*Asks:* 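The structure that follows is given in the form of structure tokens.
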Amino acid sequence: MINVALLGIIRRWHIRDQIPLREIARRLGISRNTVRRYLRSEITEPSYAERRIASGLDKYSLQLSGSLKAETSKPRKLRRSLKQIHADLKELGYEGSYDRVAAFARQWKAGQTEWVNSSSKRTARDFYTNFVVLVPGTSNDATVD
């Protein structure tokens, strides 16, 4: 495992300050071979595995997203609140807090608005450029890509 802080020091001393490998090894108390290995490595940043901690809400995410989708299609006055949706999840066996449900709903809503914004950028011109008008009685040799 390469220590990124040590890698930065070694590269700075060798490239910028023009300090020889032997001197770098002596100053840091490591082997010259280790200094060479650090200089030859192509790693510039640490790469850590993404941590995924299982949440108690994971089992109920499909029900929750389904409820949120159903509620957004209803008129505003007829929608259930997140507290009511949280109570429904509690009846299904969810033992977590309301805050986790609210955080999930915020994240879900952000994903929905991002999807809507990306699809609404299409214009009528984009729609009509994908079609070829066929006129009867003429030679239609045009092809569509």
Side-chain angles (χ1 to χ4, degrees), residues 1-134 140-145:
M1 187 76 174
I2 294 179
N3 182 347
V4 179
L6 189 59
L7 177 65
I9 293 168
I10 291 172
R11 285 187 176 164
R12 183 175 58 245
W13 283 350
H14 183 69
I15 296 169
R16 189 183 69 186
D17 299 338
Q18 300 294 317
I19 298 174
L21 296 180
R22 182 175 288 189
E23 178 64 20
I24 294 172
R26 189 188 63 73
R27 285 183 185 182
L28 296 175
I30 57 177
S31 153
R32 281 182 291 157
N33 291 337
T34 305
V35 173
R36 275 192 197 95
R37 186 180 46 149
Y38 273 52
L39 288 171
R40 289 179 184 158
S41 72
E42 296 180 10
I43 298 173
T44 56
E45 294 182 10
S47 59
Y48 301 110
E50 185 175 322
R51 291 180 60 184
R52 173 74 172 119
I53 299 172
S55 169
L57 190 59
D58 287 346
K59 290 193 286 186
Y60 303 98
S61 62
L62 289 175
Q63 290 94 346
L64 182 54
S65 59
S67 296
L68 292 170
K69 186 173 185 175
E71 294 303 317
T72 56
S73 63
K74 293 180 182 178
R76 190 168 123 345
K77 295 271 184 177
L78 299 177
R79 291 182 190 163
R80 294 181 307 152
S81 69
L82 278 177
K83 288 184 180 182
Q84 292 167 329
I85 293 173
H86 177 253
D88 291 346
L89 288 176
K90 284 277 196 189
E91 290 176 9
L92 292 173
Y94 175 63
E95 297 175 356
S97 68
Y98 166 77
D99 291 336
R100 291 301 329 140
V101 174
F104 181 93
R106 280 191 303 274
Q107 198 172 27
W108 182 87
K109 186 176 179 181
Q112 294 299 311
T113 55
E114 180 180 307
W115 182 80
V116 169
N117 289 340
S118 67
S119 65
S120 67
K121 291 180 183 175
R122 294 186 182 140
T123 62
R125 186 186 68 199
D126 294 336
F127 178 76
Y128 288 112
T129 56
N130 294 326
F131 294 98
V132 174
V133 178
L134 300 176
N140 293 311
D141 294 332
T143 58
V144 178
D145 291 326

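The chain is numbered in sequence order, starting from 1. Everything numeric here is computed off the predicted structure, so don't read it as measured data.
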*Asks:* Is the number of heavy atoms from other residues, nucleotides or ligands within 6.0 Å of CZ (R36) greater than 12?
*Replies:* yes
*Asks:* Does the K109 side chain pair with the main chain of F104, one donor and one acceptor, at a distance under 3.5 Å?
*Replies:* no
*Asks:* Under a 3.5 Å distance rule, please check whether Y94 uses its side chain to pair with a backbone N or O of D88 as donor and acceptor.
*Replies:*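 No, because the side chain of Y94 does not come within donor-acceptor range (under 3.5 Å) of the backbone of D88.
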*Asks:* Once rounded to the nearest 0.5 Å, what's the spacing between atom CG of L92 and atom CG of L64?
*Replies:*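 Rounded to the nearest 0.5 Å, the CG-CG separation comes out at 10.5 Å.
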*Asks:* Once you round to the nearest 0.5 Å, how far does CG of L89 lie from NZ of K59?
*Replies:*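 So the CG of L89 and the NZ of K59 are separated by 12.0 Å.
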*Asks:* For a quick test of reading the model, state the closest non-hydrogen atom pair linking I15 to Q18 and the distance between them.
*Replies:*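 The pair with the smallest heavy-atom distance is O-NE2, 2.7 Å.
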*Asks:* Rounded to the nearest 0.5 Å, how far does OH of Y60 lie from CD of E95?
*Replies:* 7.0 Å
*Asks:* Taking the side chain as every heavy atom from C-beta outward, state whether P20 and R32 have any pair of such atoms under 4.5 Å apart.
*Replies:* no
*Asks:* Considering all heavy atoms of both residues, which atom of S67 and which atom of I85 are nearest to each other, and what is their separation?
*Replies:*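 Heavy atoms of S67 and I85 come nearest at CB-CG2, 4.3 Å.
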*Asks:* In plain terms, say whether R79 and E71 are close enough for a salt bridge, that is, a side-chain N and a carboxylate O under 4.0 Å apart.
*Replies:*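 Looking at E71 together with R79, the answer is no, because their closest N to O distance does not fall below 4.0 Å.
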*Asks:* Rounded to the nearest 0.5 Å, how far does CG of L21 lie from CZ of R26?
*Replies:* 13.5 Å
*Asks:* If you define the side chain from C-beta out and look only at heavy atoms, does anything of H14 sit under 4.5 Å from V35?
*Replies:*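 Contact flag for H14/V35 side chains = no.
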*Asks:* Which residue, D17, T34, I10, L39, forms the side chain to side chain contact (heavy atoms under 4.5 Å, CB included) with I24?
*Replies:*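 Only one option passes, and that is I10.
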*Asks:* Could you give the distance from OG (S73) to CG (L68), rounded to the nearest 0.5 Å?
*Replies:* 11.0 Å
*Asks:* Any non-hydrogen side-chain atom of L28 less than 4.5 Å from a side-chain atom of W13?
*Replies:* yes
*Asks:* Going from OG on S61 to CH2 on W108, what distance comes out if it is rounded to the nearest 0.5 angstrom?
*Replies:*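 One finds 13.0 Å between OG of S61 and CH2 of W108.
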*Asks:* Under 6.0 Å from the NZ atom of K83, do we count more than 12 heavy atoms belonging to anything else shown?
*Replies:*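 No, because the 6.0 Å sphere around NZ of K83 holds 12 heavy atoms or fewer from other groups.
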